[in-house]
Amino acid sequence: MPMYVIERAFAEQLELSSDDVELIEEVNADAGVRWLFSFLSADRRRSYCLYEAPSPDMILAAAKRAGIPADVVVESTASPRYVRVVVARDW
């Protein structure tokens, strides 16, 4: 399945409750989109998320339905295994 990096800009600092996360996960599942992991900027106003999805359109549709931005969607060529190894080593 193709992977995508999504950049999201928020007007205010991002604070998600567990209910918010659960709703987003349900919307993603309904759209055939799977979140892998995210990074949050130091000011908590921008996030960078890695997703698996059939297409960028599916990501945009899920984001719209969940009421969250998806400002930039870029296809990624890294495999999930490689990404996990790099992230684990850097943390």
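None of these values were measured; they are calculated from a predicted model.
- Across every non-hydrogen atom of Ser76 and Val5, the tightest pair is CB-CG2, 4.2 Å.
- Looking at every heavy atom in both residues, Ile59 comes nearest to Ala53 through CG1-CB, 3.6 Å.
- Using a 4.0 Å cut-off between charged side-chain N and carboxylate O, Asp71 and Arg46 make no salt bridge.
- Atom CG of Asn28 sits about 10.5 Å away from atom CE of Met58, to the nearest 0.5 Å.
- Contact between Pro54 and Met1 at its shortest, heavy atoms only, is N-SD, 3.5 Å.
- The OH atom of Tyr51 sits 9.0 Å away from the CG atom of Leu36 when rounded to the nearest 0.5 Å.
- The two atoms that bring Pro56 and Val73 nearest to each other are CB-CG1, 3.9 Å, heavy atoms only.
- One distance of note links CZ of Arg45 with CG of Leu40; it measures 11.5 Å at 0.5 Å rounding.
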> side chain to side chain contact (heavy atoms under 4.5 Å, CB included) between Val21 and Ser18: does it pass, once the steps are laid out?
Replying inline: CA-CA 5 Å; Val21 172; Ser18 59; 5.6 Å; no
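- Scanning both residues, Tyr4 and Glu75, for their nearest heavy atoms gives CD2-CA, 3.5 Å.
- At least one side-chain heavy atom of Pro69 sits under 4.5 Å from a side-chain heavy atom of Phe10.
- Looking at Ser41 and Asp43, their side chains do bring a donor and an acceptor atom within 3.5 Å of each other.
- Across Phe37 and Phe39, no two heavy atoms sit closer than the pair CE1-CE1, 3.0 Å.
- Of the inter-residue distances, the one linking Ser47 atom OG with Glu7 atom CD reads 8.5 Å to the nearest 0.5 angstrom.
- The one candidate from Asp30, Leu23, Ile24, Leu60 that meets the side-chain contact (heavy atoms from CB on, under 4.5 Å) condition with Arg65 is Asp30.
- Taking the side chain as every heavy atom from C-beta outward, Cys49 and Arg8 approach each other to under 4.5 Å.
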